[in-house]
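Comments concern the structure below.
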Amino acid sequence: MKKLVILGAGTAGTMMANHLQHKLDSSSWEINIIDHRQEHYYQPGFLFLPFRIYEPEDIIKTIREFIPEGVNLINDKADKIDTEGKKVLMQNGDVIHYDILIIATGCNIAPEEVDGMNGKEWGKSVFDFYTFSGALSLRNKLDEWEGGKLVIHITEMPIKCPVAPLEFAFLADSYFKHKNMRDKVEITYVTPLSGAFTKPRATATLGNLLEEKNISQINDFGIKKVDNESKKIIDYEGREVSFDLLVTIPTNKGDALIERSGLGDELNYVPTNKTTLQSLNNPDIFVLGDATNIPASKAGSVTHFEAEILTENIVRFINNEPLKEEFDGHANCFIETGDGKALLIDFNYTHEPVEGAFPFPGVGPLRLMKESRINHMGKLAFRWIYWNMLLKGNHIPFVSTAMQTEGKHF
Amino acid sequence: MQKVISGKTINVNDEGYLTDLTQWDKSLAQAIAQEEGIGELTPKHWDIIHYLQEQFKQEIPLSIRKISKSGVVNIEEFYALFPQGPLKKASKIAGIPKPVSCI
Ligand SMILES: Cc1cc2nc3c(=O)[nH]c(=O)nc-3n(C[C@H](O)[C@H](O)[C@H](O)COP(=O)(O)OP(=O)(O)OC[C@H]3O[C@@H](n4cnc5c(N)ncnc54)[C@H](O)[C@@H]3O)c2cc1C
């Protein structure tokens, strides 16, 4: 019996377990999936939790209910990967051998990377919303906050879901308006980028939206430290921004296990072939989701497209066939813009987001790069699609794995 | 798009980054540095420029964090040498594409 091991049962690992359970011959392959957690969080919901748009029960389910029968779920933390011996060393001392390993350990926040970030104000006036606990304590803070200077801040790129901080800014504007206290809140958006987003045309559209919503923008801000006494963030050029409430996206890093195993770059991301998803250093290791170093967005939608291609490549690898070099970096993201609207962007390694109709060229019904109510409905529907289709490895109808160029205004 | 700078015609993209590193030379780098408000390039600037070009040729993605861990320059110095977006400015002067550390 040969063994395939999936490390991590989040978005990516769960999708792979479901895909492979159908594809691999169960008489010759045993599939194992490892995760120390019990809960599967719908992370896009972390954006809505602070504003009470979603409640905790909307975004938490168990890992187990999404792991198909025939796949062995191992509920413990992996400590190290031994690539020579082809085995995973578990924290409890167990050793799990593999013939093929899929790394899907995602990434997480590392506030300790910035001087003073997780100092005495952490959880009092300094918050994150990239973790369940962070989003929840921020919700409790917002419930009672009476206004002042709200600073929304990105520490450094890359981060997962790079549009989430902008969405947070738009939703905050809308939230305070509804609470009749927008005039008591000054919102500032501070980013290490030179504009609102990473791609030129989307940056122009999103920058205009910030301005329209009276959110000021500070660009090219390379943070050096958080001063807990004076409540300021300070950058390497000495620029200072005062806050009463700081909502920051700390540095994102891959799991420490990657570092312990000597498999990562300086942020613990695994060097991966960007078209085949095979590890660059170990042919029997494949990587997908937020754990890779490929130049694509760290997003659930990207992971979904990756999983379809990786499934084929695992089958080809087993049959000694050449791998398909097909992943094009396709990302498809809804961006909440507040007041019940959203916009949609669709892009890949080579094409930046532009205007057009989606998924049917010329028809829609969704509009790319334009705010609309139907896009907002799309964003909310994404939660249902995530739980009921994406995790189970179902193909989303009409949305192709490779990005379409038809119907777009390049 | 084409641009004429210090008597040479070069190919650049719409943000002013060279699209062909073979058109790059030291006098061109100095001229771009003037335009970017950096002034006279010092030996330390050149060390960084050469490091960036080496990394680019080996297709290694660049980030401020990586450079500050490279031993070539520390992060404070990097900001002092190329103020306001050091990696973007240094890349432009080095004739390589704008870093895509951010997607
Ligand atoms: C605030 C926010 C908003 C977002 N919004 C969107 C959105 O609108 N659209 C979108 O497409 N995406 C969005 N995302 C991104 C999306 O959630 C991620 O890209 C996706 O979950 C990545 O999947 P993954 O499997 O790589 O990582 P994860 O889902 O994080 O899973 C990693 C798993 O590995 C496990 N693990 C890690 N280390 C170990 C170890 N040593 N041993 C055992 N198990 C381990 C973890 O417990 C975890 O279960 C958002 C993310 C955030 C934080």
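Below, chains carry the letters A, B, ... as their sequence lines are ordered, and counting in each starts from 1. Values in this document were obtained by computation on a predicted structure and should not be read as measured data.
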Test item: B:Gln30 side-chain N/O and B:Gly39 main-chain N/O as donor-acceptor pair under 3.5 Å: yes
Report all side-chain donor-acceptor pairs from residues 77-85 of chain B shorter than 3.5 Å, counting only partners two or more places apart or in another chain.
none

Quick check against the 3.5 Å criterion: does B:His50 have a side-chain atom that pairs as donor or acceptor with the backbone of B:Trp46? yes
Under a 3.5 Å cutoff, is there a donor and acceptor pairing between the side chains of A:Glu308 and A:Thr401? yes
Under a 4.5 Å heavy-atom cut-off, does chain B meet the side chain of A:Pro192, its backbone, both or neither? backbone
Centroid separation under 6.0 Å, is that true for the rings of A:Phe168 and A:Phe129? yes
Answer yes if the side chains of A:Glu156 and A:Thr251 hold a donor-acceptor pair under 3.5 Å, and no otherwise. yes
Would you find a donor on one side and an acceptor on the other, under 3.5 Å apart, between the side chain of A:Ser400 and the backbone of A:Met403? no
Step through the shown structure and confirm whether more than 12 heavy atoms of other residues, nucleotides or ligands are within 6.0 Å of NZ on A:Lys160. yes
Could you name the residues of residues 262-269 of chain A that have a heavy atom within less than 4.5 Å of a heavy atom in chain B? A:Glu266, A:Leu267
Straight-line distance of A:Glu167 CD to A:Leu47 CG, nearest 0.5 Å: 5.0 Å
Could you list which of residues 65-72 of chain B have a heavy atom closer than 4.5 Å to any heavy atom of chain A, in residue-number order? B:Arg65, B:Lys66, B:Lys69
Side-chain atoms of residues 343-351 of chain A: list all donor-acceptor pairs with protein atoms under 3.5 Å, sequence neighbours left out, distances to 0.1 Å.
unit_1: A:Asp346; atom_1: OD1; unit_2: A:His330; atom_2: NE2; d: 2.9
unit_1: A:Asp346; atom_1: OD1; unit_2: A:Asn332; atom_2: ND2; d: 2.8
unit_1: A:Asp346; atom_1: OD2; unit_2: A:Lys408; atom_2: NZ; d: 2.6
unit_1: A:Asn348; atom_1: OD1; unit_2: A:Thr350; atom_2: N; d: 3.0
unit_1: A:Asn348; atom_1: OD1; unit_2: A:Thr350; atom_2: OG1; d: 3.3
unit_1: A:Asn348; atom_1: OD1; unit_2: A:His351; atom_2: N; d: 2.7
unit_1: A:Asn348; atom_1: OD1; unit_2: A:His351; atom_2: ND1; d: 3.4
unit_1: A:Asn348; atom_1: ND2; unit_2: A:Asp328; atom_2: OD2; d: 3.4
unit_1: A:Tyr349; atom_1: OH; unit_2: A:Lys274; atom_2: O; d: 2.8

